[in-house]
Amino acid sequence: MRLSFSRLWHAVHLHGLTIREAAAQTWQRMVDQAIMTRAAAITFYGIAALVPFMGLVIALSAQGLPWIESAVSGGVQLEPMDPLGGLLPSDAFSLVKHELTRIKAEPRVGLISFGLVALLWLSSSVFVEIIDAMNAIRGLKETRPFWKRRLIAIVMTLGLAAILISAMLTLVVWPQILGWLGLSRAASLIATVVHG
């Protein structure tokens, strides 16, 4: 406890440095450790992972339309794309709806398989770069073999994917959940605020 307080005290008082000296030292450390280059590499892999991610989302959405339709409608005549229609502009919504209908008519298993592999590899590359950057910042030499770092990155990617998928599902299905619960308007508002 005493050690933590001492570190906090020194951090707040910048180890006796002026703000200008602290800023100069921070900038020099960023240059020495190539922080901007590492940030660019992480950003590159993150953006590169968006392409297979969008393809995979569209392909899986098209394959899951019958299941979504039965789960969402619950006996009421309701289109599964209706929640998405409220989120997108009308032109984008019609384009997405057309593509999902087309892919649903012609299943593309190869697209889904390739999309999964590419997405997993590129997304885990983001975490590999983060691991390398953290090692450089802390001044540590990487001793783990390549396959072990990649495996750790894949596990981190899958964990993040599970969190994001759960968040997206609750966001899209939230109005139906409130309907199934049969809450009053005030209770629905409170539940939505707590959920958000």
Side-chain angles (χ1 to χ4, degrees), residues 3-4 7-8 11 22-68 71 80-81 83-84 87-88 92 95-96 99-100 102-174 177 195-196:
L3 182 62
S4 299
R7 285 184 179 176
L8 180 62
Q25 284 188 17
T26 302
W27 178 257
Q28 190 57 48
R29 294 276 311 261
M30 287 174 61
V31 170
D32 292 345
Q33 295 172 356
I35 297 297
M36 298 303 222
T37 304
R38 294 178 189 285
I42 291 168
T43 304
F44 169 78
Y45 283 117
I47 292 172
L50 285 178
V51 175
F53 173 72
M54 291 308 293
L56 186 64
V57 165
I58 290 171
L60 289 176
S61 298
Q63 298 306 313
L65 274 180
W67 176 81
I68 294 170
M81 296 294 292
L84 193 58
L87 298 173
L88 295 175
L95 179 67
V96 168
E99 286 302 313
L100 288 176
R102 186 179 64 81
I103 293 172
K104 181 182 172 187
E106 310 164 8
R108 306 253 171 112
V109 179
L111 176 66
I112 294 173
S113 302
F114 175 76
L116 272 173
V117 171
L119 179 62
L120 193 59
W121 183 263
L122 289 170
S123 297
S124 65
S125 295
V126 171
F127 285 105
V128 168
E129 287 298 323
I130 291 172
I131 290 169
D132 289 343
M134 294 305 291
N135 285 341
I137 289 168
R138 305 229 23 211
L140 300 174
K141 182 173 172 58
E142 182 62 67
T143 58
R144 295 172 291 198
F146 171 78
W147 64 268
K148 192 169 187 179
R149 276 189 304 147
R150 180 61 68 168
L151 188 61
I152 291 168
I154 288 173
V155 169
M156 292 169 74
T157 301
L158 293 175
L160 181 63
I163 292 168
L164 290 176
I165 289 169
S166 301
M168 283 299 293
L169 283 177
T170 58
L171 185 69
V172 171
V173 184
W174 187 248
I177 292 172
H195 173 259

Mind checking whether Ile130 and Met156 have side chains closer than 4.5 Å, heavy atoms only?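 The answer is no; the side chains never approach within 4.5 Å.
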Heavy-atom closest pair, residues [X] and [Y]:
X	Y	value
Ser123	Ala49	OG-CB, 3.7 Å
Arg38	Gln33	NE-O, 3.1 Å
Val126	Gly46	CG2-N, 3.4 Å

Around atom CE of Met134, are there more than 12 heavy atoms of other residues, nucleotides or ligands at under 6.0 Å?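 Incorrect, the count does not exceed 12.
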Please check if atom OH in Tyr45 has more than 12 non-hydrogen atoms from other residues, nucleotides or ligands closer than 6.0 Å. no
Applied to residues 150-174, the salt bridge (Lys or Arg N to Asp or Glu O under 4.0 Å) test, sequence neighbours excluded, yields none
Which residues pass the salt bridge (Lys or Arg N to Asp or Glu O under 4.0 Å) test with Arg29, not counting sequence neighbours? none
In chain order, what residues pass the side-chain hydrogen bond (donor to acceptor under 3.5 Å, both in side chains) check against Thr157, with sequence neighbours excluded? none
From [atom1] ([X]) to [atom2] ([Y]), nearest 0.5 Å:
X	Y	atom1	atom2	answer
Trp147	Ile154	CH2	CD1	11.5 Å
Ile131	Arg149	CD1	CZ	7.5 Å
Asp32	Trp27	CG	CH2	11.5 Å
Asp132	Ile42	CG	CD1	9.0 Å
Leu120	Leu158	CG	CG	5.5 Å
Leu151	Ser124	CG	OG	10.0 Å

